[in-house]
Participant: 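I'd like to ask you about the structure that follows.
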There are 2 protein chains.
Amino acid sequence: MTFSVAATATAATAAAMATIVPPPAPTATRTHESRAAEPVTGRCAGCSARSKGLCGALTTGDLPDLSAASRPLDLLSATPVVMEGEEATAVFTVMSGMLKLYKTLPDGRQQITGFATAGDVIGLAVGTGYAYTAETVTASTVCRMSRTALHRLMERHPAVQGRLLAMTSVELSAAQDQILLLGCKTAMERVSSFLLALSRRSRPLADGTPSVFLPMPKVDIGAYLGLRPETLSRVLRKLEEAGAITRLSNDRIRIENPAALEATA
Amino acid sequence: MTFSVAATATAATAAAMATIVPPPAPTATRTHESRAAEPVTGRCAGCSARSKGLCGALTTGDLPDLSAASRPLDLLSATPVVMEGEEATAVFTVMSGMLKLYKTLPDGRQQITGFATAGDVIGLAVGTGYAYTAETVTASTVCRMSRTALHRLMERHPAVQGRLLAMTSVELSAAQDQILLLGCKTAMERVSSFLLALSRRSRPLADGTPSVFLPMPKVDIGAYLGLRPETLSRVLRKLEEAGAITRLSNDRIRIENPAALEATA
DNA sequence: CCGTCCGGTTGATCCAGATCAGGGCGGGTC
DNA sequence: GACCCGCCCTGATCTGGATCAACCGGACGG
């Protein structure tokens with residue numbers, strides 16, 4: 001029932017997929033499995049995403065089930081993990097790094113629907129095909145689980161289905177917030193909302209001031225906010241001139257005045 | 001787990017809510033329960049939404065559970081059913097009519113996130129508060145179920161949770177399509193996509209040509225598509241001049257050339 | 001070391017859609 | 001009947017952000 005049509009158990013791994021799809025950038029996109037030699041029961045126990053995502057719904061005693069069903073993968077940046085429209089054969093839990101999820105129009109325009117970080121699950125599909133393309137923006141580690149294994153896990157552990165429902169509901173709520181942002185807000189409001197949302201999810205600097213880490217290129221942030229990179233650049237300059245933020249480096253911004261951001265968001 | 005924080009069982013009915021909240025329009029917004037005198041076991045059996053929404057997950061034998069947990073309400077148009085931010089005490093299944101779901105910014109700008117019709121469930125909340133306001137756009141009948149009753153139903157009938165997950169996943173996918181629409185598409189593309197999506201969900205006319213029914217005011221369609229009503233009007237005129245559609249009446253449009261709409265969507 | 005490339009920034013200009021303004025029409029009330 | 005009020009349509013004008021173009025600086029490979 002859950003994700004409708006039962007997945008066919010084709011054995012294509014993400015590693016194979018990554019080598020099959022044409023590399024979008026001239027930089028190397030090789031992939032390699034890792035840690036395959038470790039004892040199966042121990043792998044998940046030491047996982048940094050152990051308490052997050054689907055895995056958090058399971059108790060320690062269930063770890064063998066989990067380890068048997070999943071397989072970690074180390075991926076370089078700019079590596080596609082799932083492709084929009086392709087048959088959805090597996091789901092992936094992000095263990096580290098960051099991925100962008102996007103949809104593409106026939107003429108090539110792209111809309112990024114979200115960024116996935118540690119604990120997020122990607123590849124859940126309603127029908128047979130993936131709803132979006134997912135691609136690493138930094139080197140990342142993800143954990144692959146086939147659709148059939150996920151279904152088996154849900155049958156054996158009903159809490160997994162509950163967790164899946166909770167995660168999907170949170171995602172739906174976030175998507176509706178993004179609809180509000182794209183449908184109503186000005187460029188300044190979009191950027192302010194984005195920075196605030198990120199700052200709430202990240203740790204402050206050593207001195208206590210909040211900051212955000214932006215490993216993705218500016219064009220991707222723009223594609224998420226419905227803005228061109230030029231517009232994003234101009235808005236960030238205005239925010240810096242207003243004293244609301246400081247650009248520490250290309251990928252790090254310090255929030256000087258959260259209240260000012262709230263006011264413009 | 002599912003929708004996180006357990007709902008407190010305050011007994012405020014939607015009928016009470018509708019009279020408590022200030023009526024947004026000078027037109028009457030009275031509400032009244034109906035069919036309360038019918039036999040409890042029989043009510044759901046004859047429901048037009050019996051096979052849809054959450055109820056479709058239950059077999060005929062489970063109908064007494066359903067009838068005991070839910071209560072139908074007849075609502076006039078422009079009646080609020082749930083209010084964004086208010087404590088989420090119940091969910092509602094739409095039996096007939098149409099509602100608009102929207103979010104509001106502090107300065108009053110509104111973004112409609114969706115329209116709900118027969119079979120749709122509204123009021124599912126991630127935290128304690130409703131994520132959006134829901135208001136009838138036509139006279140409607142909805143079926144109220146308290147959050148606690150929903151939780152009890154899910155415990156007794158696991159299939160309900162599976163159905164809920166499937167419905168939430170479909171909604172998430174639709175929300176991501178809307179993000180793509182709002183982030184990338186032009187006014188013409190938005191309207192074409194909207195008409196096509198509606199036509200796929202509605203029955204064609206007697207002569208077989210597809211048509212769509214638009215009972216909501218144009219300003220609401222605009223608020224859904226991120227457009228002003230003036231822009232919507234101009235785009236519809238262009239589509240009509242191009243021979244893609246015909247406006248049969250203010251709330252009914254015939255799709256003359258679906259392929260032309262596909263091309264511009 | 002010097003090109004080249006790519007991401008980011010800035011300035012100049014353009015345009016899709018917002019905003020402003022006016023008018024028509026149909027349904028309601030008195 | 002006359003009046004009012006929403007809703008819709010249309011035209012004129014304005015503007016926020018897109019587009020076009022140029023430049024800068026760091027990362028790379030030779």
Side-chain angles (χ1 to χ4, degrees), chain A residues 23-28 76-78 100 105 107-111 137-138 181-192 194 214-241 245-253 264, chain B residues 23-29 76-78 100 105 107-111 137-139 181-192 194 214-241 245-253 264:
Chain A
T27 52
L76 298 179
S77 64
K100 61 175 176 182
L105 289 175
D107 66 358
R109 280 174 289 175
Q110 293 186 344
Q111 176 65 34
V137 299
T138 66
L181 180 144
L182 292 171
C184 286
K185 296 188 182 180
T186 66
M188 176 67 78
E189 292 164 344
R190 293 179 197 199
V191 175
S192 298
F194 176 68
L214 302 168
M216 68 293 268
K218 295 279 176 289
V219 65
D220 283 349
I221 300 175
Y224 178 62
L225 298 176
L227 300 173
R228 301 288 133 187
E230 296 95 325
T231 303
L232 181 61
S233 175
R234 286 183 244 272
V235 170
L236 287 175
R237 176 156 55 98
K238 274 200 176 176
L239 284 175
E240 189 160 28
E241 286 168 0
I245 63 171
T246 303
R247 296 143 163 269
L248 300 178
S249 67
N250 192 25
D251 59 5
R252 172 70 65 179
I253 287 178
T264 59
Chain B
T27 51
T29 58
L76 298 180
S77 63
K100 60 176 176 180
L105 289 176
D107 66 358
R109 280 173 288 175
Q110 293 186 343
Q111 175 65 35
V137 299
T138 67
L181 180 144
L182 293 172
C184 285
K185 295 189 183 179
T186 65
M188 177 66 78
E189 291 164 344
R190 293 180 197 197
V191 175
S192 298
F194 175 69
L214 303 167
M216 68 293 267
K218 295 279 176 289
V219 65
D220 283 348
I221 300 176
Y224 178 62
L225 298 177
L227 299 173
R228 299 291 132 186
E230 296 95 325
T231 302
L232 181 61
S233 174
R234 286 183 243 273
V235 169
L236 287 176
R237 177 156 52 102
K238 275 200 176 175
L239 284 174
E240 190 160 27
E241 287 168 359
I245 63 171
T246 303
R247 295 142 161 269
L248 300 178
S249 67
N250 193 25
D251 59 4
R252 172 72 64 181
I253 288 178
T264 59

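The structure displayed is predicted, hence computed values, not measured ones. Here is how names work: the chains are called A, B, and so on, in the same order as the sequence lines, proteins then strands, and each is numbered from 1.
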Participant: Starting at NZ of B/Lys238 and ending at P of D/dT10, how long is that distance when rounded to a whole Å?
Facilitator: 13 Å

Participant: Using whole Å, report how far NZ of B/Lys218 lies from P of D/dT10.
Facilitator: 12 Å

Participant: So which atom in B/Leu182 and which in A/Leu182 form the shortest heavy-atom distance, rounded to 0.1 Å?
Facilitator: CB-CB, 3.8 Å

Participant: In chain order, what residues pass the side-chain hydrogen bond (donor to acceptor under 3.5 Å, both in side chains) check against A/Gln110, with sequence neighbours excluded?
Facilitator: none

Participant: Round to a whole Å and report the spacing from CD of B/Glu240 to C1' of D/dT10.
Facilitator: 14 Å

Participant: Taking salt bridge (Lys or Arg N to Asp or Glu O under 4.0 Å) as the cut-off, I'd like each qualifying pair that reaches into residues 231-240 of chain A, sequence neighbours left out, listed once.
Facilitator: A/Arg237-A/Glu241, A/Glu240-A/Arg247

Participant: Go through the structure and list residues passing side-chain hydrogen bond (donor to acceptor under 3.5 Å, both in side chains) with A/Thr264, not counting sequence neighbours.
Facilitator: A/Ser192

Participant: Can you build the contact string for nucleotides 14-27 of chain C? Use B for base contact, S for sugar-phosphate-only contact, and - for no protein heavy atom under 4.0 Å.
Facilitator: ---SSBB-------

Participant: Does C/dT9 have its OP1 or OP2 closer than 4.0 Å to a side-chain nitrogen or oxygen of A/Arg237?
Facilitator: no

Participant: Give the residues of residues 246-253 of chain B touching DNA chain D, defined as any heavy atom closer than 4.0 Å, sorted by residue number.
Facilitator: B/Arg247, B/Asn250

Participant: State, to 0.1 Å, how close B/Lys185 and B/Glu189 come at their nearest heavy-atom pair, and which atoms those are.
Facilitator: CA-OE1, 3.2 Å

Participant: My understanding is that only residues two or more places apart in sequence, or in another chain, count here; which of them pass side-chain hydrogen bond (donor to acceptor under 3.5 Å, both in side chains) with B/Ser233?
Facilitator: none

Participant: How large an angle, rounded to 10°, do the end axes of the helix from C/dC1-D/dG30 to C/dC30-D/dG1 enclose when each is built from five base pairs?
Facilitator: 30°

Participant: Just list the side-chain donor-acceptor pairs under 3.5 Å for residues 214-230 of chain A, sequence neighbours left out, or say none.
Facilitator:
residue, atom, partner, partner atom, Å
A/Lys218, NZ, A/Asn250, O, 3.2
A/Asp220, OD1, A/Lys100, NZ, 3.2
A/Asp220, OD2, A/Lys100, NZ, 3.2
A/Tyr224, OH, A/Gln178, OE1, 3.4

Participant: With A/Arg252, which residues qualify under salt bridge (charged side-chain N to carboxylate O under 4.0 Å, His left out), at least two apart?
Facilitator: none

Participant: Separation of A/Arg109 atom CZ from D/dA18 atom P, in whole Å?
Facilitator: 13 Å

Participant: Are B/Gln111 and A/Leu181 close enough, and set up right, to give a side chain to side chain contact (heavy atoms under 4.5 Å, CB included), and what steps lead you there?
Facilitator: CA-CA 9 Å; B/Gln111 175 65 35; A/Leu181 180 144; over 6 Å; no

Participant: Please determine whether side chain to side chain contact (heavy atoms under 4.5 Å, CB included) holds for the pair B/Arg190 and B/Val235, giving the CA-CA distance in whole Å, both sets of side-chain angles, and the decisive distance to 0.1 Å.
Facilitator: CA-CA 10 Å; B/Arg190 293 180 197 197; B/Val235 169; over 6 Å; no

